[in-house]
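Since we're looking at a predicted model, the values are computed, not measured.
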Amino acid sequence: MHSSARRTDSLFPLTRVATATLLSLAYCTFAHAGGTAFDATSISAMGNASAGQAAEAGDASVLFANPAALTRFKRAELTQGAAVIAIGTDYTSTQNNDGADSGAPQGQNGQVFSRKDGYDAAALAPNLFIAIPINEKLVMGFGASASHGLVIHYDENFPGRNQGRDIDFKVTRLNLGFGYKLSPTLSWGLNGSYERYFQSIKLKLNYREAVEALAPGSAALLEGPAGALIGAPPIPGESNAGLRMFGWAFNAQLGGLWEPTENTRVGISYRPKTEFTGNRGKFKLDDSPEQAAFRAFLNSDSLINNLAFGALGVNGPQAAGDLAPEQIIKQEISLPDELRLSVFHHATPKLDLMATYTRQDFSVTTLNFVRESNGRTLENIPQNFVAAESYRVGLNYKLYKRLTLRAGYAIENSVIDDATRITILPDSDRQYFAFGGQFDLSRDTSIHFAYQKLDTDPAPVGNNTGITPAEVRGGDFQGNVQLDTHFFGIGFTERF
């Protein structure tokens, strides 16, 4: 897509920010299907690894999974909770002299760069849901929660830092829906939503790698006699860069609930893809006198400089503009549709069994990230996305009159392959192990608690040589990334 003559369309790792943002947005969630889907929208469901979520209707949070199941509520109720997600991030080098040689220690084969602590190694996710019966057939619902989230913070000097080292991504969803009982055994529902996203990304911009990627030996050329001849200043070292973006979208969800017996329920819901448009953000680069001098050199219009830039296929003034300390960018992104099918069965007076299947088709995801000033594309990234499918099973066991225990297990596949994965999106095959419970303080008040562990497979990064232009790939690094994630949740339900 980019010939050597067009390399200046995205000169230097400003586009690494774009890469990280685009891909992480494409996966939004820690939960329901690979990537960033979020498993803490409901504290009660989290205790079952979200098994049976579209059919159980244990509290008002069912609105998020299936609005049709609201018809199960005969009284108004409010459910509120919060989850703390603790995230540890490990990177293990799989080659010697791993990463850029820019002063920071390079990784050696087998060396682990671990980040498991710090104030930013955890995230808080609150939620609120309300169900209000209007009459015997119609129940309205309102909800506010995170629907997607990804928080990753690597060791500051890990070898893949030039492709992306930190990301804080959140999608908040406001839901307003209803469930309507068509017959004693059949209900349907509709859930409209307003979605707001926020994203912050940090990386280390490496000037030397970017210059060298333009043409082999170009860095040495600028630092040698030829560079002195054309007045080239020293090539700057690494610099901190960051991006903050905001966006919004509307969507809707359709659901159905079938109750073939008083002990068995089958719930199904479908949500089409979400299209975010008009998203805007600000890119900032920690500037320095060295960087200012380098931009001035690129912006020079002398004959000899123009000849030198032409030999490298570089448009100097355009490259200088790409390195401006502050730029406004915009983005269009589509998140995948979601199909959810759940079964709930009250097996005995003490035991409930449940299961859920979900599917999100990431192959429909489209990415577009451009500078607002001129509309030029920032990045072109191979996207071998596939559909993510998850299988979840769980149970409730009434241990005492007022205490019910929950447990669940789930598996889901990665939506990206080893060849195209990047550091800031370490998606891989995963398992969920969950445990929780509900304690009824009274007929009207219940407390929910849950713990869930997300166990991921090691995920290779550094293999995506197809990212263009070459100067934004993030340097030569090879390693495996792995997340260590724990969810802790507590909530309460009040019935009126």
> So Asn384 and Asp417, side chain to side chain donor-acceptor pair (under 3.5 Å) or not? Walk me through it.
Replying inline: CA-CA 7 Å; Asn384 296 334; Asp417 58 21; 3.0 Å; yes
> Within a reach of under 6.0 Å around NZ of Lys284, are more than 12 heavy atoms found that belong to other residues, nucleotides or ligands?
Replying inline: no
> What do you reckon, is OH of Tyr400 surrounded by more than 12 foreign heavy atoms closer than 6.0 Å?
Replying inline: no
> Between the side chain of Arg392 and the main-chain N/O of Ala49, is any donor-acceptor distance below 3.5 Å?
Replying inline: yes
>> Within this structure, what is the CD-OG1 distance for the pair Glu262 and Thr185, rounded to the nearest 0.5 Å?
In response: 13.0 Å
> Can you tell if the side chain of Asn240 reaches within under 4.5 Å of the side chain of Arg165, non-hydrogen atoms only?
Replying inline: yes
> Does a donor on one side chain sit under 3.5 Å from an acceptor on the other, for Ser363 and Asp361?
Replying inline: yes
>> Apply side-chain contact (heavy atoms from CB on, under 4.5 Å) to residues Val481 and Tyr154 and explain how you reach the verdict.
In response: CA-CA 10 Å; Val481 293; Tyr154 290 99; 3.4 Å; yes
> Got more than 12 heavy atoms from elsewhere within 6.0 Å of NZ, Lys282?
Replying inline: no
> Going through the distances and angles, do Ser446 and Thr493 end up as a side chain to side chain donor-acceptor pair (under 3.5 Å)?
Replying inline: CA-CA 5 Å; Ser446 300; Thr493 295; 5.8 Å; no
> Are Val62 and Leu70 close enough that some pair of their side-chain heavy atoms sits under 4.5 Å apart?
Replying inline: yes
> How far apart are the C-alpha atoms of Gln95 and Asn109, what are their side-chain angles, what is the distance that settles it, and do they pass the side chain to side chain donor-acceptor pair (under 3.5 Å) test?
Replying inline: CA-CA 4 Å; Gln95 66 177 9; Asn109 191 15; over 6 Å; no
> Under a 4.5 Å cut-off applied to non-hydrogen side-chain atoms, are Thr485 and Ile85 in contact?
Replying inline: yes
> Step by step, would you call Phe433 with Tyr409 a ring-ring contact (aromatic ring centres under 6.0 Å, His included)?
Replying inline: CA-CA 5 Å; Phe433 302 90; Tyr409 172 75; 5.4 Å; yes
>> Test of understanding: with side chain to side chain contact (heavy atoms under 4.5 Å, CB included), list the residues that count as partners of Ser200, not counting sequence neighbours.
In response: Asp168, Phe198, Arg244
> Under 30°, 30 to 60°, or over 60°: which ring-plane class applies to Tyr391 and Tyr357, parallel, tilted or perpendicular?
Replying inline: tilted
> In Å, rounded to the nearest 0.5 Å, how long is the span from OG1 of Thr420 to CG of Asn463?
Replying inline: 9.5 Å
> Should the pair Phe169 and Tyr197 be assigned to parallel (<30°), tilted (30 to 60°) or perpendicular (>60°) ring geometry?
Replying inline: tilted
> Does the distance from a Lys or Arg side-chain N to an Asp or Glu carboxylate O, for Glu56 and Arg406, drop under 4.0 Å?
Replying inline: yes
> Within a strict 4.5 Å, meaning less than it, do heavy atoms of the Gln108 and Asn97 side chains meet?
Replying inline: yes
>> Quick check for you: to the nearest 0.5 Å, what is the distance between Lys398 atom NZ and Leu351 atom CG?
In response: 12.5 Å
> With a cut-off of under 6.0 Å to the ring centre and 45° to the axis, is Arg402 in cation-pi contact with Phe439?
Replying inline: no
>> Salt bridge check, Glu259 against Arg72: does any charged N sit closer than 4.0 Å to a carboxylate O?
In response: yes
> Can you find a pair of side-chain heavy atoms, one from Asn279 and one from Phe246, that are under 4.5 Å apart?
Replying inline: no
>> Using side-chain heavy atoms (C-beta onward) and a distance below 4.5 Å, is Asp429 in contact with Ser414?
In response: yes
> Going by atom types alone, do Thr404 and Asn396 pair a side-chain donor with an acceptor below 3.5 Å?
Replying inline: no
> Distance-only, no hydrogens or angles: does the Thr358 side chain make a donor-acceptor pair with backbone N or O of Leu339 under 3.5 Å?
Replying inline: no
>> Please determine whether side-chain contact (heavy atoms from CB on, under 4.5 Å) holds for the pair Asp59 and His448, giving the CA-CA distance in whole Å, both sets of side-chain angles, and the decisive distance to 0.1 Å.
In response: CA-CA 10 Å; Asp59 57 48; His448 310 278; 3.8 Å; yes
> Parallel, tilted or perpendicular for Phe385 and Phe362, by the 30°/60° rule?
Replying inline: perpendicular
> Ignoring hydrogens and geometry, is there a side-chain-to-backbone donor-acceptor pair from Asn48 to Leu395 under 3.5 Å?
Replying inline: yes
> Is there side-chain contact between Phe487 and Leu454, with heavy atoms separated by less than 4.5 Å?
Replying inline: yes
>> Whether Lys74 and Glu136 form a salt bridge (side-chain N of Lys/Arg under 4.0 Å from carboxylate O of Asp/Glu) is what I want to check.
In response: no
> Is any side-chain N of the basic residue among Lys273 and Glu338 closer than 4.0 Å to the acidic one's carboxylate O?
Replying inline: no
> Is Asp440 salt-bridged to Arg443, cutoff N-O under 4.0 Å?
Replying inline: no
> Do Tyr91 and Asn480 pass the side-chain contact (heavy atoms from CB on, under 4.5 Å) test, and can you show the C-alpha distance, the side-chain angles, and the key distance before you say yes or no?
Replying inline: CA-CA 6 Å; Tyr91 172 92; Asn480 290 324; over 6 Å; no
> For the atom pair NZ (Lys453) and NE2 (His486), what is the distance rounded to the nearest 0.5 Å?
Replying inline: 4.0 Å
> With a 4.5 Å limit on heavy-atom distance, are the side chains of Phe64 and Ser145 in contact?
Replying inline: yes
> Between atom CG of Asn206 and atom CG of Asn162, what is the distance when rounded to the nearest 0.5 Å?
Replying inline: 4.5 Å
>> So, using salt bridge (charged side-chain N to carboxylate O under 4.0 Å, His left out) as the criterion, who are the partners of Asp337 when residues are at least two apart?
In response: none
> salt bridge (charged side-chain N to carboxylate O under 4.0 Å, His left out) with Arg75: which residues, sequence neighbours excluded?
Replying inline: Asp444
> Between the side chain of Thr423 and the main-chain N/O of Gly164, is any donor-acceptor distance below 3.5 Å?
Replying inline: yes
>> Is the ring pair Phe250/Trp248 parallel, tilted or perpendicular, if the boundaries are 30 and 60 degrees?
In response: perpendicular
> Is there a donor-acceptor pair under 3.5 Å between the side chain of Arg265 and the backbone N or O of Ala55?
Replying inline: yes
> Between the side chain of Ser193 and the main-chain N/O of Arg173, is any donor-acceptor distance below 3.5 Å?
Replying inline: no
>> I'd like to know if the side chain of Thr445 reaches the main chain of Ser442, judged simply by a donor and an acceptor atom lying under 3.5 Å from each other, with no hydrogens or angles considered.
In response: no
> Run the side-chain contact (heavy atoms from CB on, under 4.5 Å) check on Leu128 and Leu78 step by step: do they pass?
Replying inline: CA-CA 7 Å; Leu128 170 69; Leu78 177 148; 3.9 Å; yes
>> Testing Gln199, His153, Lys202 one by one against Ile167 for a side-chain contact (heavy atoms from CB on, under 4.5 Å), which residue passes?
In response: Gln199
> What distance separates Gln452 CD from Ile43 CD1, expressed to the nearest 0.5 Å?
Replying inline: 10.0 Å
>> Using a strict threshold of under 4.0 Å (side-chain N to carboxylate O), is an ion pair present between Asp155 and Arg161?
In response: no
> Where the side chain of Thr456 meets the backbone of Arg430, is there a donor-acceptor pair that is under 3.5 Å apart?
Replying inline: no
>> Strictly distance-based, threshold 3.5 Å: is any side-chain N or O of Asp98 a donor or acceptor partner for the main-chain N or O of Gly479?
In response: no
>> Does Trp188 have more than 12 heavy atoms from other residues, nucleotides or ligands lying within 6.0 Å of its CH2?
In response: yes
>> With a 6.0 Å cut-off on the ring centroids, do Phe129 and Phe142 count as close?
In response: no
>> Tell me if a side-chain donor or acceptor on Asn66 pairs with a main-chain N or O of Gly256 at a distance below 3.5 Å.
In response: yes
